[in-house]
S.K.: 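I am attaching a structure below and will ask some questions about it afterwards.
A, B, ... follow the sequence lines: proteins, then strands. Residue 1 opens every chain.
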2 protein chains.
Amino acid sequence: MVSADNGSARSPRAGAAAKAPAITREALAAAGLAVLRREGLDALSMRKVAAELGVRAASLYYHVQDKEQLLDLLADSVVWDARKLATTGDWEHCLREAAHAYYRHLHANRDAARLMAGRRTPGPNLLYVLDVMLSRLHQAGFSDAVAARATLTISTYVQGYVLQEQVPKAPHREPDAASELSAACRTTTAAQYPNIMSLIAVKKSGDTKELFSFGVERLIDGLRAQLPGGPEN
Amino acid sequence: MVSADNGSARSPRAGAAAKAPAITREALAAAGLAVLRREGLDALSMRKVAAELGVRAASLYYHVQDKEQLLDLLADSVVWDARKLATTGDWEHCLREAAHAYYRHLHANRDAARLMAGRRTPGPNLLYVLDVMLSRLHQAGFSDAVAARATLTISTYVQGYVLQEQVPKAPHREPDAASELSAACRTTTAAQYPNIMSLIAVKKSGDTKELFSFGVERLIDGLRAQLPGGPEN
DNA sequence: AGTGGGAACCTAACGGCGTTAGGCAGCCGT
DNA sequence: ACGGCTGCCTAACGCCGTTAGGTTCCCACT
């Protein structure tokens with residue numbers, strides 16, 4: 001579930017393990033994802049991840065330098081499955097499928113977008129996906145500059161969209177008082193900003209994927225005009 | 001700097017203040033923004049905001065229910081200036097200017113995008129901006145459905161873009177060891193993902209606004225094709 | 001066979017965090 | 001004069017990330 005190469009990670013001397021490690025980097029990521037799914041990003045603490053593994057918090061620092069590094073690990077794990085993406089068909093199809101696959105994987109993990117938002121570097125799995133998209137666009141005839149901008153723009157849009165979709169869930173307060181108050185607030189809103197209601201209508205339409213697709217299709221439409229020749233492969 | 005109507009906020013009995021309040025909601029927002037600018041979102045705590053006002057942390061809870069509510073306040077303050085936006089010229093011009101204005105205001109405040117990312121509701125100032133854009137698009141001939149989707153898509157893109165741009169700053173570690181390690185990591189990256197370098201080239205080109213504009217223009221291009229008749233107004 | 005060393009966990013503790021409870025000064029209308 | 005309210009205060013709770021300093025146990029080497 002995690003990247004194959006642990007790269008610069010601390011590892012036991014090759015071929016000689018002193019003690020069977022109960023906690024691997026993969027197990028750490030899995031435990032983190034479990035806590036994330038159950039309690040959300042705000043409640044994810046070192047202590048809870050450790051408890052998920054039947055271990056105390058301090059032990060995690062043997063495998064990970066920081067909480068930040070643990071979050072990096074989780075962020076990359078989320079994108080892991082997105083590596084399988086289509087490279088057949090025309091560039092529009094590939095781009096669309098990649099965007100939707102990325103969307104699905106972020107959408108499937110609670111608070112995934114907010115998790116990604118805090119990372120300093122994209123992580124190897126995401127880098128791989130970007131790399132593939134980039135080469136596909138380049139192959140389709142886009143210039144280096146346009147292909148790079150297109151790739152970044154699409155991935156930015158996907159992350160931004162899921163971010164707005166995955167509103168952080170509160171533990172929930174009193175439902176009666178809250179609904180009454182929000183109802184009053186809503187009428188005020190309607191009075192002050194008459195057009196906003198249609199936004200709410202779109203957001204409430206249930207099919208969250210439809211709005212997402214709208215943006216992707218508009219971007220693809222806009223990108224098509226950037227092809228040097230006519231549309232090819 | 002904050003919304004004019006405090007709405008449902010607790011307020012002294014109209015026309016009778018028991019004691020001159022040293023802390024207003026505006027001062028609270030200003031202090032929060034000051035801490036945000038100086039130390040970043042991760043280091044923003046109730047205690048520090050309170051200290052900025054010459055006050056202890058517990059006192060803030062008289063003016064604000066939660067830290068969440070304080071962040072809501074800050075988030076809305078950031079968008080405050082974006083209310084002044086153009087409604088003259090054709091819809092493309094309006095949309096472009098609104099997007100750039102929104103971008104500028106997020107860009108100008110440290111960690112502003114990550115701040116917005118956590119909010120549950122858009123806040124009145126942002127709602128106003130969305131409302132104006134919506135009415136302008138509607139006036140230009142877009143259908144209700146398309147105008148709503150376009151507005152949401154653009155605002156999503158802007159927030160997503162700034163989010164990736166405003167990478168959280170670490171307090172800074174050892175510069176020597178860090179640069180050496182990152183250099184090694186970079187060559188590994190280049191070997192594994194050959195196309196990624198062009199992405200880095202685009203990101204490093206300095207003019208961050210250019211990449212942002214690319215996305216906006218592509219979206220506008222894509223939206224133009226959604227107009228029922230030809231381009232009008 | 002004995003021993004050194006390192007891997008992988010532990011307990012204890014630090015300071016900072018968000019938040020709540022309860023107290024006290026000063027100004028208000030009566 | 002005085003009760004009540006506003007607007008601050010101090011003290012404390014429990015949780016957090018992180019560090020310091022063990023302890024145990026297996027492996028490699030002599």
S.K.: Is any side-chain N or O of B/R56 closer than 4.0 Å to OP1 or OP2 of D/dT10?
M.R.: yes
S.K.: Take atom CG of B/L60 and atom C1' of C/dT20, then tell me their distance rounded to the nearest Å.
M.R.: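 It works out to 14 Å between those atoms.
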S.K.: Would you please name every residue forming a ring-ring contact (aromatic ring centres under 6.0 Å, His included) with B/F212, sequence neighbours left out?
M.R.: B/H100, B/Y103, B/Y157, B/Y161
S.K.: Quick one: does B/Q166's side chain have a donor or acceptor within less than 3.5 Å of a partner on B/N109's backbone?
M.R.: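 The answer is yes, because a donor-acceptor pair under 3.5 Å joins these two groups.
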S.K.: Apply ring-ring contact (aromatic ring centres under 6.0 Å, His included) to B/Y102 and list each qualifying residue two or more places apart in sequence or on a separate chain.
M.R.: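 For B/Y102 there are no ring-ring contact (aromatic ring centres under 6.0 Å, His included) partners, ignoring immediate neighbours.
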S.K.: Please list all pairs passing the salt bridge (charged side-chain N to carboxylate O under 4.0 Å, His left out) test where one or both residues lie in residues 147-168 of chain A, with sequence neighbours left out.
M.R.: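 Listed by first then second residue: A/R149-B/E210.
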S.K.: Does a side-chain N or O from A/H63 land closer than 4.0 Å to OP1 or OP2 of C/dA7, or not?
M.R.: no
S.K.: List the atom pairs, with distances to 0.1 Å, where a side-chain N or O of residues 41-53 of chain B and a protein N or O form a donor-acceptor pair under 3.5 Å, not counting sequence neighbours.
M.R.:
{"unit_1": "B/D42", "atom_1": "OD1", "unit_2": "B/R114", "atom_2": "NH2", "d": "2.6"}
{"unit_1": "B/D42", "atom_1": "OD2", "unit_2": "B/R114", "atom_2": "NH2", "d": "2.8"}
{"unit_1": "B/S45", "atom_1": "OG", "unit_2": "B/K48", "atom_2": "N", "d": "3.2"}
{"unit_1": "B/K48", "atom_1": "NZ", "unit_2": "B/E39", "atom_2": "OE1", "d": "3.2"}
{"unit_1": "B/K48", "atom_1": "NZ", "unit_2": "B/A43", "atom_2": "O", "d": "3.2"}
{"unit_1": "B/E52", "atom_1": "OE1", "unit_2": "B/R38", "atom_2": "NH2", "d": "2.4"}
{"unit_1": "B/E52", "atom_1": "OE2", "unit_2": "B/R38", "atom_2": "NH2", "d": "3.2"}

S.K.: Return the value, rounded to whole Å, for the distance between atom CG of B/L53 and atom P of D/dG7.
M.R.: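 Checked: the CG to P distance equals 14 Å.
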S.K.: Tabulate atom names and distances for all N/O pairs under 3.5 angstrom spanning the protein and nucleotides 15-19 of chain C.
M.R.:
{"unit_1": "C/dC17", "atom_1": "OP1", "unit_2": "B/S45", "atom_2": "OG", "d": "3.2"}
{"unit_1": "C/dG18", "atom_1": "OP1", "unit_2": "B/M46", "atom_2": "N", "d": "3.3"}
{"unit_1": "C/dG18", "atom_1": "OP1", "unit_2": "B/K67", "atom_2": "NZ", "d": "2.9"}
{"unit_1": "C/dG18", "atom_1": "OP2", "unit_2": "B/M46", "atom_2": "N", "d": "2.8"}
{"unit_1": "C/dG18", "atom_1": "N7", "unit_2": "B/R47", "atom_2": "NH1", "d": "2.5"}
{"unit_1": "C/dG18", "atom_1": "O6", "unit_2": "B/R47", "atom_2": "NH2", "d": "3.2"}
{"unit_1": "C/dT19", "atom_1": "OP1", "unit_2": "B/D66", "atom_2": "OD1", "d": "2.8"}
{"unit_1": "C/dT19", "atom_1": "OP2", "unit_2": "B/Y61", "atom_2": "OH", "d": "2.7"}
{"unit_1": "C/dT19", "atom_1": "OP2", "unit_2": "B/K67", "atom_2": "N", "d": "2.9"}
{"unit_1": "C/dT19", "atom_1": "O5'", "unit_2": "B/Y61", "atom_2": "OH", "d": "3.3"}

S.K.: Any side-chain N or O of B/S59 below 4.0 angstrom from OP1/OP2 of D/dG7?
M.R.: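 False: B/S59 side-chain N/O out of range (4.0 Å or more) of D/dG7 OP1/OP2.
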S.K.: State which residues pass salt bridge (Lys or Arg N to Asp or Glu O under 4.0 Å) with B/D72; sequence neighbours excluded, sorted by chain then number.
M.R.: B/R119
S.K.: Could you state the OH-C1' distance from A/Y62 to D/dT18, rounded to the nearest angstrom?
M.R.: 18 Å
